[in-house]
Amino acid sequence: MFPRKKHLLFLIVLLPFLAHAQEGSQLWLRYKPVEKHIASQRRIGLRDQHKTAQLARKELERYWSGPTIEMHIDKGAKRLKEGYQIKGSASGIHLNAAEPIGLLYGAYHLLRLQETKADMRNLFLEEIPDYDIRILNHWDNLDRTVERGYAGYSLWLWDELPGKLSPRYEQYARANASIGINATVLNNVNASPEILTSEYIVKVKAIAAVFRKYGIKVYLSANFSAPKVLDGLADSDPLRKPVQQWWETKVKEIYQQIPDFGGFLVKANSEGQPGPQDYGRTHADGANMLADALKPYGGLVMWRAFVYNPTAEDRAKQAYQEFVPLDGEFRDNVIIQIKNGPIDFQPREPVTPLFGAMTHTPQMIEFQITQEYLGFSNHLVYLAPLFKETLDSDTYANGPGTTVARVTDGSTFKNKKTAISAVANIGEDANWTGHDFAQANWYAFGRLAWNHQLSSEQIAEEWIRQTFSNDAQFVLPVRQMMMRSREVAVDYMMPLGLHHIFAYGHHYGPEPWGEMEGGRPDWMPWYYHNADTVGVGFDRTTAGSGAVSQYKEPLRSTFNKLESCPENLLLWFHHVPWTHRMKSGRTLWDELCMHYDRGVHEVRAFQKVWDTLQPYVDKQRFEQVQSKLKIQAKDAVWWKDACLLYFQTFSKMPIPYQVERPIHELQELKKIKLDMKHHN
Ligand code: BDP
């Protein structure tokens, strides 16, 4: 019913107050304007007129309550790249950078110190980013749905562009700049060719113009069939002249409109997407054609290694098999973009063996911030520990200590350009990410892309202090909860190396029994868990699929032997008898039960912790998180009951007495079919 006039009036009077409610829209940027008398006692000095440098000055002018700051650009200090130096004391601070964007990053650094109440008596620091390109991948479709997006529709209002610019474009750019992100891919890797039409290029241009001031470059996902689909070419064969010319012309058009355009991200010959193999060509042929078109303008190709086919070969092996033989064949403006694990953003995977296996081809990581496999925006799962687990994994590519971080940041193979990417979790929800705590994952990616040595604890602490409160009574328990949260999710979903036992399609709930007549085997849960009366797990040893052989020693032998394989990856690499004795002395079956149970208990503990923190949080965000934790607790029980009851039909062993009894019937759980249309 339409509200009556009286009610409308009431609403109008109330609106300004409602606007101040903490709905999370400010993210970690909750700076308060500095009071006039403080501002008048200090100076923010800057000679440079560059827009970005001026922006840095304005941010400090408005929010910095400390001493005078002198900002300076030293073009000769190339070593700093986009970084900065901060030197100072209580009487004054010098902020130096080689480029204007360095000043902006430095300004946000100072504000971060202020907001987290850090000790600023003697500042002497130099920050240089670990990666040149720190990029978000939006899986946003042109109709504004977001693939695997759980925070509402896409931020990009294509219908209104280029004429109208949503204020959120600038807010988005500012938030990203505040954590050092300097690039973004606007559209889904399952790319609509249309984004490359002239009509869309001018829309992209309008967005790029807003982002430019904040140091953010725009990239696009390109559909390999675009020449054929958009302009009726006979095919899109990368070795044919007309196709090459089509891309050259298209790239020229883009750069005329967007001179600092970043380049293309490409998903080719993967999950039904077109690619060079449609014409008997290789991934290198395809990537090089685009690279040649982009080269004159300094553009890059980020070519994804996420390729696999429903063959007899273990899916986990396929990207390596496809790409390693092509090492050395790619142009120098191609980077191979590789998901952190060999399958697909699972709660826990070993690192992919492809990292470090190509020594003549630059590689970059693709993380997933959006929680496709981690409870969408309903579950509180802090992802920095997952990101760090990958970054810190040793590949042994160049002897011990060749971590994934060092393989990708240029320090091992001296790549010309380095990059790191992650699939965004951002949508038009008021709080941007659906779950208030999912903001921390966006934040953490940015911070780690800048400095992969930061610890997960430190990032969590910074984020909590800026986003919620500096009160130690709040910071400590919340940090502890965040730090446990990823392991907890692994426990109640897929402990001990289990993977991909999600419900078909939407990947939210459990469906280890899942079956789809005529469906691809490599999309079926049984393909991954292989449960039978003997045991459970995927045999990837040398006696099984042999995937272990793609790893360098000593990893290969460590994973290959049941006794030395880390238990948190056991069922990833081995098919293990239910009665196998684990390090704890328990049988595998009992251990599995114990993990699921522990996961459930820990989520309940999160609920209790959060409730005790009510005095420190504004009402709206307190209740938002509280209600999400409730969903998470219910889901954890759902996962536990579904997996234990299902696997019990194979193990035929009793659930140990100390484990909570199932409260569901397997038959009932099997009937649950979620309507996830909006999430796909
Ligand atoms: C999977 C997603 C699918 C993506 C694909 C990809 O389920 O929606 O298109 O990855 O990364 O995780 O290309």
Side-chain angles (χ1 to χ4, degrees), residues 135-143 145-151 154 185-193 195 219-225 264-275 277 283 286-287 301-310 315-316 318-319 322-323 335-349 352 354 364-377 381 383 386 390 420-425 427 441 445 493-494 499-509 511 514 516 519-520 522-525 527-528 674 676-680:
I135 187 167
L136 287 180
N137 289 185
H138 284 266
W139 283 0
D140 296 20
N141 298 314
L142 302 187
D143 65 2
T145 55
V146 180
E147 181 151 338
R148 314 302 179 185
Y150 317 107
S154 167
V185 183
L186 296 181
N187 62 318
N188 192 356
V189 285
N190 296 319
S192 159
I195 192 86
Y219 288 65
L220 293 176
S221 291
N223 183 301
F224 205 78
S225 277
F264 294 133
L265 170 64
V266 188
K267 172 176 179 177
N269 293 119
S270 165
E271 300 185 330
Q273 291 300 315
Q277 292 178 335
H283 282 281
V301 177
M302 294 172 173
W303 191 270
R304 294 175 92 226
F306 180 69
V307 298
Y308 64 100
N309 285 306
R315 173 174 166 186
Q318 296 185 27
E322 191 74 53
F323 280 86
I335 307 187
I336 305 300
Q337 180 168 314
I338 308 169
K339 290 189 181 183
N340 57 286
I343 299 279
D344 193 7
F345 301 137
Q346 297 300 292
R348 168 164 281 120
E349 292 188 51
T352 177
L354 190 50
M364 62 188 280
I365 306 174
E366 175 178 323
F367 286 125
Q368 193 181 44
I369 309 176
T370 193
Q371 292 168 231
E372 172 180 359
Y373 294 102
L374 282 156
F376 294 5
S377 53
V381 185
L383 295 176
L386 187 161
T390 302
I420 185 165
S421 69
V423 182
N425 61 348
N441 295 332
F445 169 70
M493 285 185 176
M494 277 163 244
H499 52 289
H500 226 309
I501 54 177
F502 293 93
Y504 186 81
H506 57 67
H507 301 159
Y508 186 75
E511 211 170 75
M516 180 79 143
R520 283 172 65 155
D522 55 350
W523 284 351
M524 297 304 144
Y527 175 96
Y528 301 98
L674 296 183
M676 291 286 172
K677 275 200 294 290
H678 303 297
H679 293 305
N680 228 326

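Sequential numbering from 1 along the given sequence is applied to the chain's residues. Both counts, for ligands and for their atoms, begin at 1 and track the order of listing.
Polar contact check, W139 against ligand 1: no nitrogen or oxygen pair lies under 3.5 Å apart. In terms of polar-atom proximity, defined here as any N/O pair under 3.5 Å, K267 does make such a contact with ligand 1.
Below 30°, between 30° and 60°, or above 60°: for W303 and H283 the angle between ring planes is above 60°, a perpendicular geometry.
Using a 4.0 Å cutoff on heavy atoms, R304 counts as a contact of ligand 1.
Below 4.0 Å from some heavy atom of E271 lie the following atoms of ligand 1, by number and element: 4 (C), 5 (C), 9 (O), 13 (O). Every atom of ligand 1 is numbered from 1 in the order shown, and the set under 4.0 Å from a heavy atom of F306 is 5 (C), 6 (C), 10 (O), 11 (O), 13 (O). Contact atoms of ligand 1 toward H507: 7 (O) (distance under 4.0 Å to a heavy atom of the residue). In the vicinity of E147, heavy-atom distances shorter than 4.0 Å reach the ligand 1 atoms 3 (C), 4 (C), 8 (O), 9 (O). Residue-ligand proximity, D344 to ligand 1, at heavy-atom distances under 4.0 Å covers atoms 1 (C), 10 (O), 12 (O).
Y373 has its ring centre no less than 6.0 Å from the ring centre of H499. Aromatic pair Y508/F502: centroids not less than 6.0 angstrom apart.
Here the shortest heavy-atom pairing between V189 and L265 reads CG1-CD2, 3.4 Å.
At a cut-off of 3.5 Å, with distance as the only test, no side-chain donor of D140 or N188 sits close to an acceptor on the other residue.
Residue-level proximity to ligand 1 for V423 is absent, since no heavy atom of it falls below 4.0 angstrom.
For the pair N190/Q273, a side-chain contact is recorded, criterion being any heavy-atom separation below 4.5 Å from C-beta on.
When K339, E366, E372 are ranked by how near their heavy atoms come to atom 7 (O) of ligand 1, first place goes to E372.
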Test side-chain contact (heavy atoms from CB on, under 4.5 Å) applied to E349 and K339, step by step:
CA-CA 11 Å; E349 292 188 51; K339 290 189 181 183; over 6 Å; no

